[in-house]
2 protein chains.
Amino acid sequence: MGRNRLFNEADVVQRATHAFLVAGYEGTSVGELVTATGLHRGSLYQAFGSKRGLFLACLRHVVTDRSGDVAMDLVLVALLELAPRDPEVRGLLADQLDRRGVTAHDLGARLLARALIHPSED
Amino acid sequence: MGRNRLFNEADVVQRATHAFLVAGYEGTSVGELVTATGLHRGSLYQAFGSKRGLFLACLRHVVTDRSGDVAMDLVLVALLELAPRDPEVRGLLADQLDRRGVTAHDLGARLLARALIHPSED
DNA sequence: CCGATTGATGACCGATCGTTCCACAATTCC
DNA sequence: GGAATTGTGGAACGATCGGTCATCAATCGG
């Protein structure tokens, strides 16, 4: 029933992911997500419910499909900004970090690289 | 010349630091900093110039005086939220991480602990 | 064709954001 | 005792925030 969606959810999630991992969660406004995804506010909220809902979709997507820096950076954002106060995010992350065998060293190394800091030796 | 300050800058910076490391940089509003420090907006801006200025003061303070989780958490916040887009923060962090011999593993381990995630083994 | 349902579009909302400003108080120099 | 300077207290600012809503378009079952 009802009208068909004009957008591909996977594409939207991927574009939103890019916005989030550049500016972080709090640093990315819904207006920027609207621009990045090409969706209008109404459609975004109809599809994902909230900014947090969209972020969760990004996290789930990245956590199942992606690997490499994109996945790692979104995980970093989630760990620092959301996990301390959001049990659902925490659960997603704990499960995934364990499953992928991501180490503390991996996280720290990527955090430094993302911050454009290149340690002398560690 | 002029009136004397009624507040102790070190105390103010310490209280602001606490606010920042709980909620992150973007997640902490100036209103919350006003509450946390006890200063009024006027005094805060006169003393530190901006929210960023206050954060820089916290970072410098923590970087010279503190060690342990408080220092590490503020460094994490700075690394993830500010360093990618703020060369001054980047410089402060690079210098300090090197001087203290903080490793990627140290950063990652504290990031996980702060996120309330306890890895099985790494 | 006719309701019912879902998506698209974008104006609109109150709340909150970081910042500025101004009147007033205290301190210093002449 | 002014004049100059610095700090205090808090109202006010425009901008932006995340989120809602009403209207219209498309697609379905009957």
Side-chain angles (χ1 to χ4, degrees), chain A residues 1-59 74 77-78 80-82 84-86 88-89, chain B residues 1-59 74 77-78 80-82 84-86 88-89:
Chain A
M1 266 278 208
R3 190 171 174 175
N4 296 328
R5 287 186 173 176
L6 298 181
F7 63 90
N8 178 323
E9 184 161 324
D11 288 351
V12 165
V13 165
Q14 183 169 339
R15 294 201 183 103
T17 297
H18 233 94
F20 276 130
L21 57 81
V22 167
Y25 180 79
E26 300 290 352
T28 304
S29 69
V30 174
E32 289 168 338
L33 292 168
V34 165
T35 301
T37 60
L39 292 193
H40 292 256
R41 284 177 113 79
S43 303
L44 245 183
Y45 273 86
Q46 169 123 348
F48 301 100
S50 65
K51 180 183 176 183
R52 175 178 174 274
L54 176 53
F55 186 87
L56 279 179
C58 293
L59 200 52
L74 200 69
V77 167
L80 197 119
E81 295 190 64
L82 266 4
R85 56 174 159 107
D86 191 326
E88 191 171 355
V89 169
Chain B
M1 265 275 208
R3 190 172 174 175
N4 296 328
R5 289 186 173 174
L6 298 181
F7 64 91
N8 178 324
E9 182 162 325
D11 289 350
V12 165
V13 164
Q14 183 167 342
R15 293 200 183 104
T17 297
H18 234 93
F20 276 130
L21 58 82
V22 168
Y25 180 79
E26 300 289 353
T28 305
S29 70
V30 173
E32 289 168 338
L33 292 167
V34 164
T35 301
T37 59
L39 264 63
H40 291 256
R41 291 174 111 78
S43 303
L44 245 183
Y45 273 85
Q46 168 117 351
F48 300 100
S50 64
K51 180 183 176 184
R52 174 177 174 275
L54 176 54
F55 186 86
L56 279 179
C58 292
L59 201 53
L74 200 70
V77 167
L80 197 118
E81 294 191 65
L82 267 6
R85 57 174 159 107
D86 191 325
E88 192 170 356
V89 169

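Here the structure is a predicted model, which is why all the values come from computation and not from measurement. Every chain is numbered from 1, with letters handed out A, B, ... down the list of sequences.
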*Asks:* Are any protein N/O atoms closer than 3.5 Å to N/O atoms in nucleotides 26-30 of chain D? If there are, list each pair with its distance.
*Replies:*
none

*Asks:* Under 4.0 Å from any heavy atom of chain B: name the first and the last nucleotide of DNA chain C that qualifies, 5' to 3'.
*Replies:*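 Contacts span C/dC17 to C/dT28, reading 5' to 3'.
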*Asks:* Within residues 11-18 of chain A, find the residues that approach DNA chain C with a heavy atom at under 4.0 Å, and present them sorted by residue number.
*Replies:*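 Nothing qualifies; none.
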*Asks:* Residues from residues 23-47 of chain B sitting under 4.0 Å of DNA chain D, heavy atoms only?
*Replies:* B/His40, B/Arg41, B/Gly42, B/Ser43, B/Gln46
*Asks:* For the side chain of B/Ser43 and the backbone of B/Leu39, is there at least one donor-acceptor N/O pair under 3.5 Å apart?
*Replies:* no
*Asks:* Under the rule for side-chain contact (heavy atoms from CB on, under 4.5 Å), what residues qualify as partners of A/Val89, not counting sequence neighbours?
*Replies:* A/Leu56, A/Leu59, A/Ala78, A/Leu82, A/Ala83, A/Asp86, A/Leu93
*Asks:* Among residues two or more places apart or on two chains, list those pairs meeting salt bridge (Lys or Arg N to Asp or Glu O under 4.0 Å) that have a residue in residues 23-44 of chain B.
*Replies:*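 Found B/Glu26-B/Arg85.
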*Asks:* Side-chain donor-acceptor contacts of residues 11-19 of chain A below 3.5 Å, not counting sequence neighbours, with atom names and distances?
*Replies:*
unit_1	atom_1	unit_2	atom_2	d
A/Thr17	OG1	A/Val13	O	2.7

*Asks:* Does the side chain of B/Tyr45 come within less than 4.5 Å of B/Val30's, by heavy atoms?
*Replies:*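 SC-SC contact between B/Val30 and B/Tyr45 confirmed.
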*Asks:* Restricting to salt bridge (Lys or Arg N to Asp or Glu O under 4.0 Å), what partner residues turn up for B/Glu9, sequence neighbours left out?
*Replies:* B/Arg5
*Asks:* Is the shortest side-chain heavy-atom distance between B/Lys51 and B/Leu44 below 4.5 Å?
*Replies:* no
*Asks:* Mind checking what makes ring pair (Phe, Tyr, Trp, His ring centres under 6.0 Å) contact with B/Tyr25, not counting sequence neighbours?
*Replies:*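 Expected list: B/Phe20, B/Phe55.
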